[in-house]
There are 2 protein chains.
Amino acid sequence: MTTGRQRYDQDSLLVVATQVFTERGYDGTSMEDLARVAGITKSSIYHHVESKEAILRIGLDRALDALFAVFDEPDASGGRAVERLRYVVRRTVEVLVAELPYVTLLLRVRGNTATEQAALERRRSFDRAVRALFAEAVADGDLRPGLDPALTERLVFGMINSVVEWYRPRSETTVDDLVAAVLAVVDGLRT
Amino acid sequence: MTTGRQRYDQDSLLVVATQVFTERGYDGTSMEDLARVAGITKSSIYHHVESKEAILRIGLDRALDALFAVFDEPDASGGRAVERLRYVVRRTVEVLVAELPYVTLLLRVRGNTATEQAALERRRSFDRAVRALFAEAVADGDLRPGLDPALTERLVFGMINSVVEWYRPRSETTVDDLVAAVLAVVDGLRT
DNA sequence: GTCTATAAATTGATAGAC
DNA sequence: GTCTATCAATTTATAGAC
């Protein structure tokens, strides 16, 4: 809390807006709600952003960019799919926590607008990439035989995504605890 | 599709309304949207239900009643917590699929109204009961030592709940496939 | 059980002053 | 960068006829 009245630019406004969208839902938040929380008027908000939907788009892109960046990271897995998979799982959890409000926003999108539909398509693209890793790890014989790669990917990443529903930074559970618990589940699927 | 015009009572209207709420979100659905999909006017809807929020309440109660009923079911687990836990996991997945639209509605509630807050409180109560089972199973030495019961419960039931995001009856994946895949993950945590 | 008509409030967004 | 004032459209809900 700084002394004196808050003054906004697009970035600082995005922080507040994403927070409110995450708490009440995008559709459940009116521009008036947003203005009240931000401590400015609706008009002032429109000075920084084109529309309510534009705020959503910026927030969603931030989450998606961060998630996709994981795939461009080099890792020391030595080419084994199951190790690459563990790396992607670990980093996805870390990104999810680091960008918690934005990833939460992303995971709650329903596809009601073109902006939301575009975000959902990028999400599906991410899932497909992870699914390929599961399939490869099963083919390598590193995950239990008979395990359905697509189904398992949905369950494991559904589990990871569910973290946004309860995890709060500064709680007793550290990110490393979280990563360890998630990897414990994944390792339970190994041969 | 029956011949002739659809005529509604509260139950048949609830089916349509829950479907639309689930697709677009409760806040993202207007009574006009609902009327259009149902093929009747807004006024007609108010003949069957008191308010938009009342529809939500009925749907949420249906999901919560079905989930809590699992705990009242007798099972042949012989008193061992880990077996009781497997039973609850299996039945929760089955109930989730059987009452898919209502459970989906429940899992998307944000707490914006008193109705939603009451539903969230009942959900937390369900989670506490499951968490106790995890704790007991760890204490019995039937789940990996060092495993955090509360954290693991959140991850496992987050995984289960995530099923509403993609599972559709009549798909290739049967309920039994789904239950088997979820139990495979749980069994990976056993000693 | 459904309709037309309408009310009262809220919504996303703009004009223009400071 | 923020404000007051305002708009047009939409929203939840009601009155009363058939």
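Proteins get letters first, then strands, A, B, ... in listed order; numbering begins at 1 in each.
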| query | When you check the gap from the basic side-chain N to the acidic O, do B:Arg86 and B:Asp187 get nearer than 4.0 Å? | reply | yes
| Using a distance-only test with no angle check, is there a side-chain donor-acceptor pair under 3.5 angstrom linking A:Gln19 and A:Glu23? | yes
| Are A:Glu83 and A:Arg190 close enough for a salt bridge, meaning some N to O gap below 4.0 Å? | yes
| request: Take nucleotides 2-13 of chain D nucleotide by nucleotide from the 5' end and write B, S or -, depending on whether a protein heavy atom sits under 4.0 Å from the base, only from the sugar-phosphate, or from neither. | output: BBBB-----SBB
| Derivation of the salt bridge (Lys or Arg N to Asp or Glu O under 4.0 Å) call for A:Glu116 and A:Arg123 | CA-CA 11 Å; A:Glu116 300 181 47; A:Arg123 252 194 81 185; over 6 Å; no
| query | Is it true that A:Asp65 and A:Arg122 make a salt bridge, defined as a side-chain N closer than 4.0 Å to a carboxylate O? | reply | yes
